[in-house]
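First listed ligand is number 1; within each ligand, the first listed atom is number 1.
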Amino acid sequence: MKETNKADVLLGLQWGDEGKGKIVDVLTPHYKVVARFQGGPNAGHTLFFENKKYILHTIPSGIFHKGCVNVVGNGVVIDPYIFSQEIGQLGFSTEELQESLYVCSKAHLILPSHRLLDAAYEYNKGNSKIGSTLKGIGPAYTDKVARTGMRLADAFASDFQAKYDHLKNEHIRLAGSLGFDATELKLDGLDFEAYEKAWLLGLEHLKSLPVVQSELFINETLDKGARVLAEGAQGTLLDIDFGSYPYVTSSSTIAAGACTGLGLAPSRIGDVFGIFKAYCTRVGSGPFPTELHDENGDHLREVGQEFGSTTGRPRRCGWLDLPALKYAVMINGVNHLIMTKADVLNQMKTLKVCVAYRVGDKEYDILPFSINPGQLVPVYDTLPGWEKDLDKIETFEELPPALLDYIRKVEEFVNVPVDIISTGPDRKQILVRKGSGILKRLSVNKD
Ligand code: IMP
């Protein structure tokens, strides 16, 4: 039997913001299709090239490469207003858009009233709020699972307005019962009615793009022998099943999410590229065992510019957490690791790495059920820093010995090679290890 052509998956191994956007952008020349499989405008994928910064929320990060088809898969939730604004920022012609951006008819819509509900639920949670981006993600996925949601295909049907009004009124009633009034809410600086008008215009814009059954398109692309990269959003520790529940997002951020979010059979998943930052960050609430509340944390935040690309919130910062990374590698079947933002650690004299969690008199080297504060104590190894600028370094092999030791520590712990290291925000600041599987893998079957 002929060997099946498989899609590769690229995803985050921590709490999001690992730098996935940049890595997808760098890998895209090796792929014909880049497809997002979950999440929505809660994501913020940052790309930096030719001295310009771009933040993508729903559009896949392969969009700036000519000839690449970018697909928003069925597993994604779309806010047409935000999506339309994002398209506007690309500055593409209609023809360019028609060739480069496809949207799945089965993707669910985020209604303005989903954002109202998100705010109402968060408000009612009081001190135990999730720290949601308030983009309506949770309520939109709730409607999907409750079988009351609206899909992009519904926007083409004659009863669209009736369905929309019915769902909106349900949401307003529900939010009202939680003490929330649509007329008092501002959405991206607009009042509810103005947002709704802009949303409906955005929907027309969205409908003008190629609307496809992305599961068919992607499987046909693979059948033709062309290469597909599935792009994840958020990170494994925010996954609805395996993340630090309930402080998670509402979708499957893991490799299995690429199957349900794009219609890929498990046997069609090829390489899994796991992205992790050389330290940890988290935005929003929830447990974070290696979090730093001292000057080291402030240093990481300042040097790493750790402020949310979607909400602007300061990110919480902490040491690299190897038991959590080991867990994420296992859940996703990662076979290539990619480390980002190593340069942020350049000036640090010593570095700590969490190598176990102590719970009572037991030690765990992989994430236990609960990582709530007070229930475990992180055990650290201390390593020397490299105290060197990485700017002038041209090959992976020339990295400072202390950084190579840091990388080796990770590899030995999780038993997967670090094949790529990113040393700055620009497309060009990237080093690939010589002789690594990733180079061989990417240079074959290029389409
Ligand atoms: P939601 O997905 O907006 O409901 O947010 C749920 C949690 O996930 C919050 O703690 C958010 O800060 C976090 N979150 C959602 N999207 C991202 C992301 O793209 N990067 C990092 N954190 C995220």
Side-chain angles (χ1 to χ4, degrees), residues 10-24 36-47 54-61 75-79 82 86 108 110-111 114-125 127-145 187-188 231-254 257 261 275-277 279-288 291 301 304-318 324 328 340-341 371-372:
L10 183 146
L11 40 72
L13 300 178
Q14 296 160 323
W15 281 286
D17 309 313
E18 298 92 351
K20 296 175 288 292
K22 170 187 165 170
I23 305 297
V24 172
R36 267 280 297 273
F37 59 86
Q38 46 70 231
N42 50 347
H45 293 175
T46 308
L47 278 62
Y54 298 88
I55 300 178
L56 299 171
H57 298 289
T58 316
I59 295 174
S61 307
V76 176
V77 284
I78 308 173
D79 180 319
I82 298 176
E86 214 178 316
H108 278 247
I110 303 175
L111 272 54
H114 280 130
R115 293 192 64 177
L116 171 71
L117 270 184
D118 216 358
Y121 289 143
E122 275 289 77
Y123 180 75
N124 271 270
K125 284 198 171 91
N127 283 342
S128 52
K129 71 176 181 348
I130 308 281
S132 161
T133 60
L134 299 177
K135 302 289 177 196
I137 305 294
Y141 278 117
T142 302
D143 270 335
K144 174 177 177 173
V145 177
L187 295 171
D188 296 0
E231 175 184 7
Q234 290 82 52
T236 303
L237 303 177
L238 288 172
D239 179 71
I240 184 73
D241 283 281
F242 301 104
S244 46
Y245 193 89
Y247 300 98
V248 293
T249 191
S250 300
S251 63
S252 279
T253 60
I254 59 170
I275 319 288
F276 71 102
K277 236 186 296 214
Y279 49 98
C280 282
T281 60
R282 175 163 204 167
V283 62
S285 331
F288 181 0
E291 182 170 9
R301 189 173 309 104
Q305 279 301 297
E306 296 295 356
F307 297 91
S309 36
T310 298
T311 58
R313 292 178 289 179
R315 294 181 187 139
R316 300 155 65 194
C317 298
T340 60
K341 297 189 100 165
I371 55 166
N372 287 331

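With no hydrogens or angles considered, a side-chain donor-acceptor pair links D143 and H114 at under 3.5 Å.
Between the side chain of R115 and the backbone N or O of D118, no donor-acceptor pair lies under 3.5 Å.
Residue Y123 places its OH atom among 12 or fewer non-hydrogen atoms of other residues, nucleotides or ligands, all under 6.0 Å distant.
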List ligand 1's nitrogen or oxygen atoms that come under 3.5 Å of a protein nitrogen or oxygen, with the partner atom and distance.
from	atom 1	to	atom 2	distance (Å)
ligand 1	2 (O)	N42	ND2	2.9
ligand 1	2 (O)	T249	OG1	2.6
ligand 1	3 (O)	S132	OG	3.3
ligand 1	3 (O)	T133	N	2.9
ligand 1	3 (O)	T133	OG1	2.5
ligand 1	4 (O)	S132	OG	3.3
ligand 1	10 (O)	I130	O	3.4
ligand 1	10 (O)	V283	O	3.2
ligand 1	12 (O)	G131	O	3.3
ligand 1	12 (O)	V283	O	3.0
ligand 1	12 (O)	R313	NH2	3.0
ligand 1	16 (N)	Q234	NE2	3.3
ligand 1	19 (O)	N42	O	3.4
ligand 1	19 (O)	Q234	NE2	3.3
ligand 1	20 (N)	D17	OD1	3.2

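Ion pairing between a basic and an acidic side chain is recognised when a charged N comes within 4.0 Å of a carboxylate O; R315 and D17 show such pairing.
For T58, there are no side-chain hydrogen bond (donor to acceptor under 3.5 Å, both in side chains) partners two or more places apart in sequence or in a different chain.
Here the CD1-CD distance, from I254 to Q38, works out to 10.0 Å after rounding to the nearest 0.5 Å.
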